[in-house]
2 protein chains.
Amino acid sequence: MNTRGENGSIISQTGEYALRAIVFLAMDPGIAYTTLQISVATKVPGAYLSKVMQALVRAGLVQSQRGFGGGFLLTRSPDSIALLEVLDAVDPIPRIRSCPLGLESHGINLCALHKKLDDATATIETVFRETTIGDLLVRPTQSIPLCNASQQ
Amino acid sequence: MNTRGENGSIISQTGEYALRAIVFLAMDPGIAYTTLQISVATKVPGAYLSKVMQALVRAGLVQSQRGFGGGFLLTRSPDSIALLEVLDAVDPIPRIRSCPLGLESHGINLCALHKKLDDATATIETVFRETTIGDLLVRPTQSIPLCNASQQ
DNA sequence: GGTATACTGGATATAAAGGTCCAGATATCC
DNA sequence: GGATATCTGGACCTTTATATCCAGTATACC
């Protein structure tokens with residue numbers, strides 16, 4: 001019913017865009033990049049990226065600077081930014097907090113289903129909480145990752 | 001950018017509907033239930049559930065019977081149906097198979113990002129592959145789960 | 001101060017997911 | 001064989017996520 005032709009990820013397209021932008025900025029901490037520069041490098045539609053960056057600024061993850069020489073800049077060290085924070089800034093991972101069916105007449109087994117679904121959600125939430133942007137950066141001293149192998 | 005007010009799950013709304021229906025049918029294997037009955041019990045919009053059931057029939061998970069006394073029926077034992085099969089029937093979990101940016105000029109760090117995202121996806125895919133509908137059913141011999149506690 | 005650069009925020013457009021409706025096809029019962 | 005029950009499939013509507021556009025504002029340079 002849903003082809004998911006474009007997105008192709010468990011997180012929203014917007015969430016992915018936000019992560020791409022933050023990772024890109026993290027590659028040169030201290031240097032400001034414009035929306036256009038980030039857009040080209042990360043292949044995110046410029047006009048939409050503009051909205052995404054605004055959300056990241058509001059969340060305090062990124063600092064903006066207008067005018068000539070302006071652009072966007074991380075406010076913190078990449079090692080201190082969890083992937084989850086970035087996702088939360090634009091599109092939080094939805095947890096199942098109450099039974100979607102209501103309590104009255106719902107079967108106990110459907111309850112077990114939602115427990116399982118939320119457990120799975122909690123698992124990836126934990127992964128994203130414990131992984132930082134810094135973890136994704138390839139340092140010069142480290143070996144080159146299997147980039148070609150895992151993509152082609 | 002996305003409130004996700006309704007769905008509230010890491011899988012699509014449609015995927016959740018499909019799971020609810022299958023779990024419901026699994027509670028009484030061998031008995032046919034109509035769209036209306038399933039709809040009421042699982043609180044899935046009837047007209048839409050009709051579409052979801054069609055997909056489950058096409059996938060071979062469910063058998064349909066028209067006319068008086070008809071309805072839907074599981075084709076297999078609940079213990080042999082993985083959650084992943086149900087999701088695949090309506091809305092497969094999207095894996096990241098190739099770099100969303102293309103290879104040429106993309107940063108190696110964005111590659112690491114997608115690797116991480118796909119790893120997380122693979123994790124929940126595995127959970128859903130190894131959990132069966134039967135696992136969600138509460139047998140009479142088992143104790144009552146913490147249904148009220150985890151929902152209200 | 002004028003000009004060019006760049007973010008901000010609101011309005012609007014497009015695409016996809018979710019949802020409805022109904023005529024048609026089968027099946028059962030009497 | 002008529003009446004009723006039920007799934008099927010196509011057309012259509014609604015809502016949400018994604019994406020675009022542009023006027024406004026702040027900043028830097030000369």
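From a predicted model like this one, the values you see are computed outputs, not experimental measurements.
Between Ser64(B) and dT8(D) there is a side-chain polar atom (N or O) within less than 4.0 angstrom of OP1 or OP2. Of the side-chain N and O atoms in Thr34(B), none sit less than 4.0 angstrom from OP1 or OP2 of dT6(D). OP1 or OP2 of dA6(C) has not a single side-chain nitrogen or oxygen of Tyr33(A) nearer than 4.0 Å. For the OP1/OP2 pair of dA16(C) and a distance below 4.0 Å, the side-chain nitrogens and oxygens of Gln13(A) include no atom meeting the criterion.
The closest donor-acceptor contact from the side chain of Thr123(A) to the backbone of Asp119(A) lies under 3.5 Å. No side-chain donor-acceptor contact under 3.5 Å links Asp91(A) to the backbone of Gly15(A).
Here the P atom of nucleotide dA25(C) and the CD atom of Gln65(B) are 18 Å apart, to the nearest Å. Rounded to whole angstrom, the span from the CD atom of Glu16(A) across to the C1' atom of dT18(D) amounts to 14 Å. Rounded to whole angstrom, the span from the CG atom of Leu25(B) across to the C1' atom of dC7(D) amounts to 14 Å. One interatomic measurement links the two molecules: CD of Gln63(A) to P of dA6(C), which rounds to 17 Å at whole-angstrom precision. Between the P atom of dT18(D) and the OH atom of Tyr17(A) lies a distance of 8 Å, rounded to the nearest Å. Following rounding to the nearest Å, Ile11(B) (CD1) and dG18(C) (C1') show an atom-to-atom distance of 15 Å. Between Leu73(A) atom CG and dA6(C) atom C1' there is a gap of 14 Å when expressed in whole angstrom units. Rounded to whole Å, the distance from CZ on Phe68(A) to C1' on dA4(C) is 8 Å.
In this structure the side chain of Thr35(B) reaches within 4.5 angstrom of the side chain of Phe72(B), judged on heavy atoms. For the pair Gln65(A)/Leu73(A), no side-chain contact is recorded, criterion being any heavy-atom separation below 4.5 Å from C-beta on.
Qualifying side-chain contact (heavy atoms from CB on, under 4.5 Å) partners for Glu85(B), counting only residues two or more places apart in sequence or in other chains: Leu61(B), Arg76(B), Ile81(B), Ala82(B). Applying the side chain to side chain donor-acceptor pair (under 3.5 Å) test to Asp88(B) and every residue at least two apart in sequence or in another chain returns nothing.
For DNA chain C, the residues of residues 47-62 of chain B within the heavy-atom distance limit of 4.0 Å (strictly under) are Ala47(B), Tyr48(B), Lys51(B), sorted by number.
Leu19(B) pairs with exactly one of Val90(B), Thr14(B), Leu87(B) by the side-chain contact (heavy atoms from CB on, under 4.5 Å) rule, that one being Leu87(B).
The side chain of Arg66(A) approaches dG24(D) more closely than any other nucleotide in the set dG18(C), dG24(D), dT18(D).
Note on Gly71(A): only backbone sugar-phosphate atoms sit closer than 4.0 angstrom, heavy atoms only; bases stay farther off.
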